[in-house]
Amino acid sequence: MDLIARLRAGLPGEAILTDPDITGSYANDMASFCEAGTPAVVVLPRTVEQVQHIMRTATELRVPVVPQGARTGLSGAANASDGCLVLSLVKMDRIIEINPVDRIAVVEPGVINAVLSRAVNEHGLYYPPDPSSWEQCSIGGNIGTASGGLCCVKYGVTAEYVLGLDVVLADGRLLTTGRRTAKGVAGYDLTRLFVGSEGSLGIVVRAVLALKPEPPGQLALAAEFPSTAAACEAVCEIMARGHAPALLELMDRTSIRAVNAMAQMGLPDSTEALLLAAFDTPEPTADLAAVGALCTAAGATEVVPAETAAESDLLLQARRLTLTALEKVKSATMIDDVCVPRSRLAEMLDGTAAIAEKYGLTIGVCAHAGDGNTHPTVCFDAADPDESRRARASFDDIMALGLQLGGTITGEHGVGVLKKEWLARELGPVGLELQRGIKDVFDPLGILNPGKLF
């Protein structure tokens with residue numbers, strides 16, 4: 001019995017896609033410079049039992065399986081390999097439970113981040129992880145890549161909110177990890193192991209997520225600086241003085257000019273860096289005043305605090321438009337997410353500017369400045385082979401710079417195909433050997449998302 005016939009024995013017909021014109025549309029995520037193969041079949045299960053049937057079939061026939069969520073990723077982690085079975089979890093999209101007493105939500109992997117966020121808000125609760133693609137990205141994909149967002153500086157990344165998981169293993173067994181309780185330290189923390197594993201250890205089919213009380217509304221300020229060094233000095237002072245902003249974002253000169261060109265935001269051409277801070281504390285006006293004073297002391301030429309939520313939204317609009325604006329500079333972009341210690345943030349930005357000059361490219365940087373997570377965006381003409389080559393080379397130089405500064409090659413986007421060679425450099429030979437050993441325990445046949453991470 002062949003693969004399709006075996007799948008049909010446990011799946012409804014509409015859950016199996018074999019038309020090459022349709023399956024080809026599931027071949028890749030949103031990353032540039034990442035190879036993608038041709039899947040043999042795409043399956044869209046709706047139940048845990050169906051996922052178990054799929055994995056038992058794949059194990060019996062030794063068919064590689066590529067798990068997918070909404071495919072908004074930026075590392076190629078969801079890219080198909082030739083002849084693989086693409087396991088799309090978008091149909092498993094139920095919010096099973098929201099519990100205000102225990103402050104948890106139980107969800108399936110296909111639930112969209114924004115849908116969950118709005119649902120828990122109705123109970124006076126808050127799910128903090130907020131990737132920029134939150135209107136499209138799925139919770140399963142967020143777990144697979146350990147994604148972050150604008151609020152990470154105060155609230156942390158996805159890993160801090162995953163309490164427990166149901167995972168279908170490569171052979172079809174169902175594993176339950178973690179807990180529903182506020183505390184729990186029994187045994188090895190397998191839950192945390194799956195977060196960020198990019199579908200290489202098992203298929204997440206259910207997650208228990210921690211929730212927080214919904215905070216007050218944010219108030220923001222914008223501070224203009226004559227240099228990135230001055231803006232980064234302000235970041236260091238804000239954090240060293242014990243402030244806890246809900247958002248602390250930075251845009252460099254290239255990003256500012258791209259946004260100005262697209263949206264006529266009216267930012268002065270002399271502005272070399274724009275720092276955006278927001279607080280959701282009981283007294284945000286006082287917090288903004290204190291941070292504004294630190295910005296002025298660090299050399300800010302202008303500090304504009306908002307007085308209302310509507311004014312805050314206007315101030316933050318420039319940051320939200322950054323990627324869209326940079327995409328208009330050239331026909332293609334590559335978005336990096338190197339994370340460095342906050343104290344080395346200025347060196348990272350200045351080094352990236354030097355790399356842009358070295359390769360004759362436009363590279364705009366926006367950053368989650370409060371946690372040192374930078375997003376250099378390389379703009380290039382995909383139809384120009386030489387410019388594409390220089391874009392890829394600059395991308396590698398940026399990752400090398402991040403490691404030199406004591407950072408990591410990815411703060412929230414994951415490794416996937418794009419950065420697996422760099423993962424080996426960051427981990428070192430001993431770390432790489434142990435991680436491959438863990439992979440072998442969970443996936444001895446090597447059928448789960450082959451070619452990713454290692």
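In this structure, CD1 on I409 lies 10.5 Å from CD on E421, to the nearest 0.5 angstrom. H375 contributes atom NE2, which lies 11.0 Å from atom OG of S255 (distance to the nearest 0.5 angstrom).
Judged as a salt bridge (Lys or Arg N to Asp or Glu O under 4.0 Å), and not counting sequence neighbours, the contacts of R344 are E347. Every residue two or more places apart in sequence or in another chain was checked for a ring-ring contact (aromatic ring centres under 6.0 Å, His included) with Y26, and none qualifies.
Relative ring orientation between H243 and F279 is described as perpendicular, the plane-to-plane angle rising above 60° on a 0-90° scale split at 30° and 60°. Under the 30°/60° scheme for interplanar angles, the aromatic rings of Y161 and Y127 are found to stand perpendicular.
Inspection of the S200 and N449 side chains reveals no N or O donor paired with an N or O acceptor under 3.5 Å. A side-chain N or O of T228 and one of D350 form a donor-acceptor pair less than 3.5 Å apart. D396 and W422 share a side-chain donor-acceptor pair at under 3.5 Å.
With D397 as the partner, the salt bridge (Lys or Arg N to Asp or Glu O under 4.0 Å) test is satisfied by one option alone out of K358, R392, R390: K358. For the salt bridge (Lys or Arg N to Asp or Glu O under 4.0 Å) criterion with E108, the lone passing option out of R46, K91, R94 is R94.
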Between L165 and L175, is a side-chain contact (heavy atoms from CB on, under 4.5 Å) present by the stated rule, with each step listed?
-> CA-CA 8 Å; L165 295 170; L175 169 69; over 6 Å; no

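No more than 12 heavy atoms of other residues, nucleotides or ligands shown are found within 6.0 angstrom of CE on M30.
Here the shortest heavy-atom pairing between M399 and D336 reads CG-OD2, 3.5 Å.
Considering only heavy atoms from C-beta on, E426 comes within 4.5 Å of T408 through its side chain. Between F194 and T177 there is a side-chain heavy-atom pair separated by less than 4.5 Å.
Under a cutoff of 6.0 Å and an axis angle of 45°, R320 and W134 do not form a cation-pi pair.
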